[in-house]
Each structure stands twice: as C-alpha cells, then as structure tokens.
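For ligands, and for the atoms within them, numbers begin at 1 and follow the listed sequence.
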Amino acid sequence: MESLEIPRLLLHHHPRASSSPTPSRPLSNSRLLPQLVFPSNLKKATKNATLRSISGDTDGGSPASPDGPVSFEDDEIQQRDEDRALLLSREIDDFGSLVGFRLSTTDSGKTTTDTRGDLRSDEVEEPEDKIVGEDKAQTRVTHNIVFVTSEAAPYSKTGGLADVCGSLPIAPAARGHRVMVISPRYQHGTAADSKFSGAVDLDRNINVSCFGAAQEVGFSHEYREGVDWVFVDHPSFHRPGNPYGDKIGTFADNQFRFTLLSHAACEAPLVLPLGGFTYGEKCLFLVNDWHASLVSVLLAAKYRPYGVYKDARSILVIHNIAHQGVEPAITYSNLGLPHEWYGALGWVFPTWARTHALDTGEAVNFLKGAFVTADRIVTVSKGYSWEITTNEGGFGLHEILRDRKSILSGITNGIDVTEWDPSSDEHLASNYSAEDLSGKVKCKVALQKELGLPVRPDCPMIGFVGRLDYQKGIELIRQAIPELMQDDVQFVMLGSGNPIYEDWMRATESIYKDKFRGWVGFNVPVSHRITAGCDILLMPSTFEPCGLNQLYAMRYGTIPVVHETGGLRDTVQNFNPFAVGSNAEGCNAEGTGWTFTPLTKESMLVALRYAIQTFNEHKSSWEGLIKRGMTRDYTWGNAATQYEQIIEWAFMDPPYC
Ligand SMILES: Nc1ncnc2c1ncn2[C@@H]1O[C@H](COP(=O)(O)OP(=O)(O)O[C@H]2O[C@H](CO)[C@@H](O)[C@H](O)[C@H]2O)[C@@H](O)[C@H]1O
C-alpha cells in the first residue's frame, strides 16, 4: 500500500499557517457501537469473555439492561481490576479505526460511566453520568498512544532509550490507553535476533516515498503486556553491528533508515488492523529522540494539509539532546517532505563549528524539526529540562527551546521493576531484598570470582556501567584511576564505545591485576551482576538527562556516587549523617548516595573516599543508605500519571502546526 503522496503542485503550506484550530472531522458516518471490550486489550477481550453486570457491584450479577453497562470477566480484566476502567462502547470512524471510547470507571468500588474520545454531544446521545455510591467519580480519558523509537528492550537495546521505551508504554496500557510501540526489526545475524521471534508478520507491506523512490517496508507485531509492539521491516535494518553502527563506526545511511522508520510510523496507525482495528487518525505520537523526530514534521507537513491527522498530536521526548540527527542540507530533498518546509529542519552551524572556508554551515537537523513542530516537549528529568535551555546544556538548540519553554516539561524516568528486582533477578548468584540483605554479599563474592579478582567481601568494590564516551565522564575516571588504585578498593568497569577508552580499560586491567577489571562489550547479565555485587556505583557523567544506572543501583542496595547534574541531581539525595534526629549509629540520617560538584577529579575522589570510609567504618550508616535506596518507589506509575497530564494538555490546544 502506498503512503500518502504529496502532489507537488499543491504544496503551499507554511509551518505556522495551520496553527489555527482545525475543524473536527464530521462524524456522520461514524457509529457508536455498544461494545463489550477492554480498551487496551481488544483481541483478548473479544475472546473468552463472559458478561456480568457492573452497575454498582463489580462482583457479579446480570446485565442491568441489554444496552446497559456491562463488562467482561476474564483473566485479563481481573488482572486490571484495580484500574477499574471498562469500555462500554466504542466509536469507529469511516475507516474502521477506533476513535472514541465510553468508559466505566470506578473509585473505591463505586461505578460511574464516562463518555470519552472525540464523541460530541450534538452527534451522539450521551448517557447521563451515573454515580453509584457517594464517592466522586474518577475521570479517565483514554487515548491511542503511539511510541516511535529506534530501540525498545528487550527487542533491541544499546542504552537507556531502550529501557524506557520497553517499560514506560506498559504503564499507560495498564491504565486503559491503547498503546503501540513502533521500532525497527533489526536483524544483526546474532542470537539476539531471536528476541523478535514472537512477532508475527502482519502481511501489510506499504511503500513510503523518500530518497527518490517508493521504499517497501513490512510490519510485524507482537501483543505483550497490553501493548502492541510493532516492528518495521526493511533490508537496511538487517546487518551486523548494533542499531546505529558497527566496529567501523556509525552507519552512513542512518538518516535513510530513520526516515523510513518515521514514515512507516505515520502510516502504521492508518493501515495496521491490530486486534481487528486500526489506531486511526486521532493518535498521540510520542516521538523519542532524533530518530523519530521526523514524525512531528510529517504530521504537520505531509498529512495535515490534506486533512489527515488533524486531530492527532505529537510529543517529543528528549532522552539526549547531544544527538540531533544532523546531515548536509542537500539531503533535505530525500526526506519526502514538501520543499516549503525546509525551514523546519534547516539549521546553520555557527562559524566556529564549520570545517573549511567554503563550508556554509547549512544542515538539516531532525531534532530541531521536532522542536518547532511538536505539540509538547518532554525531557526525562526536571533538572535536564532546565539545563537544555542554557548555553551549556542546549547543544546549540537552547534558544529554540527557550522560545518553547511554556510547553517544555521534565518527567523523571521510572524503571522496569520486574526486570530490575534483586529478589527475583535470575542473573544473580543469590537473591536478596531490603528485609534480608544476606544475598548481596554472596553476589559480591560471586562477581569477584567471575572476574578473577581476590575474593574479599570486606573490600569496597566500585562499579561503572555505561557507554564509553564523553557524556559518561570516562575521562575523569581515567585521570583518577592511578590515585584511586592506591586505596584498598576494587574497581570494575563494563562498557563499550570509544576504542581509545576500550584500549585504556584493557591496559589498566593489566597494570592493576588485583584491583581493576575492564569488561569491554555490551552484556546485560553482567550489568545486573555488577549492579548487585558492587558496593558503590560511580557515575561522573558530564551531563545526564536522567540516568538509569543510579536508579538500578539504589534498588539493588548499591550506593551511587554521582556528578550533580541533570537527572542524577534529581534522583540521588546526598548523604547527610547529621540530619535532625540522627545519632552516632546513623539512625534517621538522610540520603541515598553522594553527589559531587564541580566535575573535577579532586571532587570526585573526595566523594568516593567519603563513601569508602562510610562503608569501612560506619556499617549502620551504610545499611541505612542501602535501605533508603532500596525502599524508594521506582515504578512508572508516577511518571505515567504525569505523561497522561501532558497528553491531556496537548489535546486541549489546537495542533501547534
Ligand atoms: N556495556 C553495557 N552492557 C550492558 N548494559 C549496558 C552497557 N552500557 C550501558 N548499558 C545499559 O544501558 C542503559 C543505559 O542507561 P542510561 O540511562 O545510562 O542511558 P543512555 O545514556 O544510553 O540514555 C539516555 O536516555 C536515558 C533514558 O531516558 C537517560 O536515562 C539517559 O540519561 C540518557 O543519556 C542501562 O540499562 C545500562 O545498564
């Protein structure tokens, strides 16, 4: 199937020209069907379901009336009983897409009905809100949410973006939204390819117009944990390496590959009947980082001028502003966008950043394209949302972001508390919890054995896990190691990236055989074992939008020592042994780790040595730090509520362009 083609003669659209409210699509042909399905679980709900009444009593009874509120009773629904959101009816548009829901929500067991979606009072007869019981009705609006991302765990992962896009979507799905995650189906020719084995080919190939041709892409799909995981298939995603590059470097055609992803992501809600229904036009696209940024531009430039996606919105989620998807200006004509929209992506480098005398600095910048077209912008912590509006943190885009400050928010990431749970983690030698920490030292001993380090439970063990690049502060570690190795410590690093640092890790290991281990590579089980086995996790990041490893560490009773920046500052509370009410044993002290600033070797070593000294000499304080960290709430619940709020705001305003 062809994607939407743009007749060249009809292209007169300017980015700001359509910022006025667009009229809603008439619903004359739409149908309001009494339907007995659960919104985020359409396939399951249409099978194996038996009716029961929910009028005031969710525990049983017969339907109040043939058209009255009814629900299903099956395993899935029972699982979600705490959410108490049931779809009473659905609205289908002309194309068979599900565009509106009527929900029943309950609060403390009291039931109410609630009309949602884009249903309007002049077009459908709205049932009167019924509140059975005295409690105030809990309102819930459901949306069709489409995450677009270059990686999503467990299918593909090179870093934190995958962790977030693999776990965050499950939270809104559990809250009743219909959620799709769309990312490439990478095939690297390794065992990891089997992660896609649960995805079924949808047999809905389409052609997208970009790079001078109709590019055929396919889709496969897996329904898991309430989420539609959709994978875009194209030969350019099949090659050795990782999603972005191989040993030689970054793939030269990444602009092409992620342009394909963005076009395919825009078509997917229109053409893929997932569970029998397409998502349709009234979607909320959550576009993650530069790889997906073109989606916001495409909605405005390619679709809306032709009446498609008028009711859709897009939210850009910035996980890392340092990567912007910048390519020479001449590549613009490949992107499948009208030439009038060049200004949205057009970017001119400052003179100092140009490489030669004839370099005009003109480029296209995908991330900037989303900055000027997305309806809302979110970063992955509050601290970072401020930092990117500064000269130091904005990587050249701070002025544009300052202009859009009113729609810029920060929401701190949660984590996948099922994958990262020391009480059940299958990668560990021994499981443990805040109530019974005995397994933690067993993990440490097992790690020391695995790495061939002297087995010494009493020796403070410091860990680092992450990409070996400038962002993660590797240079500072490199400078500090000769001094730190004078202390009685063990240090283990897991990472891959810059070959200079990989070589340095190997060389350092051969110098400090009894103290230092550098594991070059990407290895998830080992990352779990380091997180559990170490006493201290070091994160001297130069900048850190959120950071996940410090969250994993705290959940595993490993104390983070972090540079006070971005999400690290927001999530790690500096240890204060003198907090009001504390005593010499460290009872009632505050804090979950150590934060240091400025970003110097000296201040990092001071913080590390405080941590080492506390580990060696103040056992009860150390245990307090462990327990405070382990008992914090790391779930996505809080973040999901905040995302929901931002989505509401996005739909309240007309499309930005
Ligand atoms: N060699 C290796 N082997 C195994 N696992 C490895 C590994 N190197 C890294 N990892 C894992 O990859 C993830 C990296 O998470 P970070 O938060 O550090 O993300 P990153 O900087 O990639 O992402 C960006 O996005 C995330 C998500 O929003 C932000 O938290 C972050 O600040 C921002 O820079 C962790 O799960 C870590 O354990």
Side-chain angles (χ1 to χ4, degrees), residues 147 149-154 156-169 192 242-244 286-292 316-323 367 378-385 387-388 393 395 410-417 419-420 425 427 463-474 492-498 501-502 505 517-532 534 537-556 558 560 562-563 565-572 634 636 639 643:
F147 285 77
T149 174
S150 58
E151 47 183 300
S156 53
K157 170 168 168 173
T158 68
L161 172 63
D163 287 356
V164 171
C165 290
S167 55
L168 166 61
N242 71 30
Y244 314 111
L286 265 167
V287 305
N288 292 277
D289 277 352
W290 79 263
H291 323 95
L316 168 68
V317 184
I318 306 173
H319 300 263
N320 196 334
I321 202 173
H323 302 278
L367 195 64
V378 172
T379 65
V380 289
S381 70
K382 284 202 167 39
Y384 193 60
S385 72
E387 281 177 16
I388 58 175
F395 284 81
I411 301 178
T412 304
N413 285 333
I415 63 172
D416 182 340
V417 290
E419 195 207 335
W420 290 91
D425 190 330
H427 302 304
F464 170 93
V465 177
R467 285 181 287 110
L468 301 178
D469 73 11
Y470 163 81
Q471 178 192 345
K472 301 297 176 184
I474 311 296
V492 50
M493 290 181 72
L494 167 65
S496 56
N498 188 331
Y501 293 126
E502 292 183 351
M505 270 165 55
R517 283 293 173 277
W519 188 306
V520 176
F522 193 91
N523 190 315
V524 172
V526 172
S527 75
H528 282 241
R529 291 200 281 275
I530 290 176
T531 306
C534 287
L537 187 92
L538 179 61
M539 291 184 73
S541 307
T542 49
F543 66 94
E544 196 61 79
C546 176
L548 298 173
N549 287 325
Q550 83 280 11
L551 304 179
Y552 300 146
M554 288 187 281
R555 184 155 162 83
Y556 277 57
T558 301
V562 304
H563 175 220
T565 182
L568 297 176
R569 182 185 9 226
D570 290 3
T571 55
V572 178
Y634 297 102
W636 275 106
Y643 271 101

With N242 via side-chain contact (heavy atoms from CB on, under 4.5 Å) - residues at least two apart: T158, Y244
From L161 atom CG to H291 atom NE2, the distance as rounded to the nearest 0.5 Å: 7.0 Å
Neighbour list for ligand 1 [protein residues, heavy atom under 4.0 Å]: K157, G159, G160, L161, D163, V164, H319, N320, V380, N413, V465, G466, R467, Q471, K472, L494, G495, G521, F522, N523, V524, S527, E544, P545, C546, G547, L548, N549, Y552
Side chain proximity check, I415 to V417, heavy atoms < 4.5 angstrom: yes
For Y552, all residues meeting ring-ring contact (aromatic ring centres under 6.0 Å, His included), sequence neighbours excluded: W420
Test side-chain hydrogen bond (donor to acceptor under 3.5 Å, both in side chains) applied to R569 - qualifying residues, sequence neighbours left out: E387
Residue pair H319 / N288, side-chain donor-acceptor N/O under 3.5 Å: yes
